[in-house]
Protein chains: 2
Amino acid sequence: MQPQNNIRLTNRRKVIIEELRKLHTHPTADELYEVVRKRLPRISLGTVYRNLEFLAGKGIIRKLEIGGTQKRFDGDLDIHQHIRCTECERIDDLPAGTAVTRCDREILENTGYEIIERRVEFIGICPACRARRAGEGPGHSGVVDTH
Amino acid sequence: MQPQNNIRLTNRRKVIIEELRKLHTHPTADELYEVVRKRLPRISLGTVYRNLEFLAGKGIIRKLEIGGTQKRFDGDLDIHQHIRCTECERIDDLPAGTAVTRCDREILENTGYEIIERRVEFIGICPACRARRAGEGPGHSGVVDTH
DNA sequence: ATAATAATAGTAATGATTACTATTAACAAA
DNA sequence: TTTGTTAATAGTAATCATTACTATTATTAT
Ligand SMILES: [Mn+2]
Ligand SMILES: [Mn+2]
Ligand SMILES: [Zn+2]
Ligand SMILES: [Zn+2]
């Protein structure tokens, strides 16, 4: 979060990070916008979107791309899992160290959540793309435009 | 998939199910639309969307609400996990019985995927909603309009 | 065959997100 | 401290996936 490398430490950016870190609710962009607006009444929703995406790309915050129609964001960089209520859509943190298997009872006792479903997703690079990458050879900047 | 209970066995519906089950690519609605269109050139995209949602609600197919901008669908009802390539967005099945932990090497050997990230999501009902549900008492139809 | 109504096609609307552009402001250098 | 460069922003338009609407069609029970 230093200046240099053309990253400017704007007041917008500082407030967005601060308010996201204060919240433990994994807000959507528009939810965080409503909070930030209390300190910066002239900020635009687009600025919140742009900065959340920017900061997630820099690894300063996390973007949760879980199911549902809206993206959610998390100021907590520690590795941890989430639990979502199927009724009200709220997302809570799971206590660290919770095992994936045989943990429904443990989760119920720790959080009060009744487990309905578990979802495990692995994210990686498929054989075809690995081959294509290898063929491209070295000399490969870190910044890639995927569009 | 019987008639009765007001579910009509239309040709649209039959073809959508058949083509989804033939594919192992976890298609989006528009991808399946392009496939189904070869057999039913007059079908509309809305019909594909409506039926995919309808059939998922009936448990006849699965809706994958994983990250990404588009929903994906799966004709395979067996419990299994998925792996998504961060480069080309394709989604493949993981072999059944793969353990969640200590499995990166195993997945690499079985599928050729290089694991970058694992994501575990638990879905359940939070304490507040459980309480609210209990308060509503019995006499509760299965059909609930959440809007 | 007929009546009741579920399903459809075509289109409009919605909602989240992204793109565009003139203006503003951060900051490195003087 | 002032200045020049240009990243960031506000306001708005556009995009994209999905859902809603409605007149018409087609399925099923009788
Ligand atoms: Mn979290
Ligand atoms: Mn599958
Ligand atoms: Zn809840
Ligand atoms: Zn790939």
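In what follows, chains carry the letters A, B, and so on, assigned in the order in which the sequence lines appear, proteins first and then strands, with residues in each chain numbered from 1.
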Asks: Phosphate oxygens OP1/OP2 of C:dT8: is one of them under 4.0 Å from a side-chain N or O of B:Asn11?
Replies: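 Negative; the distance criterion is not met.
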Asks: Is it the case that A:Thr10 and A:Arg13 place a side-chain donor and acceptor less than 3.5 Å from each other?
Replies: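 A:Arg13 and A:Thr10 do not have a side-chain donor-acceptor pair below 3.5 Å.
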Asks: Rounded to the nearest angstrom, tell me the gap between atom OH in B:Tyr33 and atom P in D:dT18.
Replies: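 Between P of D:dT18 and OH of B:Tyr33: 14 Å.
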Asks: To the side chain of B:Asn51, which of D:dT9, C:dT8, D:dA10 is closest?
Replies: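 Of all the options, the side chain of B:Asn51 is nearest to C:dT8.
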Asks: Would one find a side-chain N or O of A:Lys71 under 4.0 angstrom from OP1 or OP2 of C:dT18?
Replies: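 Affirmative; the distance criterion is met.
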Asks: Looking only at the side chain of B:Ala29 (C-beta and beyond, no hydrogens), which of the listed nucleotides C:dA7, D:dT18, C:dT17 gets closest?
Replies: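 Between C:dA7, D:dT18, C:dT17, the one nearest the side chain of B:Ala29 would be D:dT18.
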Asks: Using a cut-off of less than 4.0 Å, is there contact between a side-chain N or O of A:Arg13 and OP1 or OP2 of D:dA8?
Replies: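 Checking A:Arg13 against D:dA8: at least one side-chain N or O falls below 4.0 Å of OP1 or OP2.
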Asks: For a quick check of understanding: with a heavy-atom distance under 4.0 Å over all strands, which category does B:Asp30 fall into, base, sugar-phosphate or nothing?
Replies: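 B:Asp30: no heavy atom of the nucleic acid under 4.0 Å.
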Asks: Tell me which of B:Arg72 and A:Gly46 sits closer to the 5' end of DNA chain D, going by the nucleotide each one is nearest to.
Replies: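 With B:Arg72 and A:Gly46 compared, the 5'-side residue is A:Gly46.
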Asks: Please determine whether residues A:Leu77 and A:Leu55 belong to a single hydrophobic cluster, defined as Ile, Leu, Val, Met, Phe, Trp and Tyr linked transitively by side-chain heavy-atom distances below 4.5 Å.
Replies: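 No, no single cluster joins them.
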Asks: Would one find a side-chain N or O of B:Thr47 under 4.0 angstrom from OP1 or OP2 of C:dA9?
Replies: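 So the side-chain polar atoms of B:Thr47 do come within 4.0 Å of the phosphate oxygens OP1 or OP2 of C:dA9, strictly under.
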Asks: Between A:Thr10 and D:dT9, does any side-chain N or O lie under 4.0 Å from OP1 or OP2?
Replies: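 It does, given that an N or O in the side chain of A:Thr10 lies less than 4.0 Å from OP1 or OP2 of D:dT9.
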Asks: Quick one: are B:Asp74 and B:Ile61 in side-chain contact, heavy atoms under 4.5 Å?
Replies: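 Result no, sub-4.5 Å side-chain heavy-atom pair not found.
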Asks: Over how many whole Å does the gap from A:Arg42 atom CZ to D:dT12 atom P extend?
Replies: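 Distance check: A:Arg42 CZ to D:dT12 P gives 11 Å.
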Asks: Between A:Glu53 (CD) and C:dA16 (C1'), how many Å, whole number?
Replies: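 These atoms are roughly 12 Å apart.
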Asks: Which comes earlier along DNA chain D counting from the 5' end, the contact point of A:Leu45 or that of B:Tyr49, where each point is its nearest nucleotide?
Replies: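 In this pair, the answer is A:Leu45.
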Asks: Rounded to whole Å, please give me the gap between CD in A:Gln70 and P in C:dT17.
Replies: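 Between P of C:dT17 and CD of A:Gln70: 5 Å.
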Asks: Between atom CG in A:Leu52 and atom P in D:dA8, what is the gap in whole Å?
Replies: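 Interatomic distance, CG of A:Leu52 to P of D:dA8: 15 Å.
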Asks: Between B:Lys38 and B:Glu19, is there a salt bridge with N-O shorter than 4.0 Å?
Replies: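 No, this pair does not count.
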Asks: At less than 3.5 Å, do the side-chain atoms of A:Arg50 and the base atoms of D:dT9 form a donor-acceptor pair?
Replies: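 Looking at the base of D:dT9, it does not pair with any donor or acceptor on the side chain of A:Arg50 (distance under 3.5 Å).
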Asks: Starting at NZ of B:Lys14 and ending at P of D:dT28, how long is that distance when rounded to a whole Å?
Replies: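 It works out to 7 Å between those atoms.
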Asks: Using atom CZ of A:Arg12 as one end and atom P of C:dT24 as the other, report the distance to the nearest whole Å.
Replies: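 Value for this atom pair: 13 Å.
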Asks: Return the value, rounded to whole Å, for the distance between atom CD1 of B:Ile43 and atom P of D:dA26.
Replies: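 From B:Ile43 CD1 to D:dA26 P: 14 Å.
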Asks: Quick check: does any side chain N or O of A:Arg72 sit under 3.5 Å from a backbone N or O of A:His26, one acting as donor and the other as acceptor?
Replies: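 Flag set: sc A:Arg72 to bb A:His26 pair under 3.5 Å.
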Asks: Between B:Arg8 and C:dT8, does any side-chain N or O lie under 4.0 Å from OP1 or OP2?
Replies: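 No, outside the criterion.
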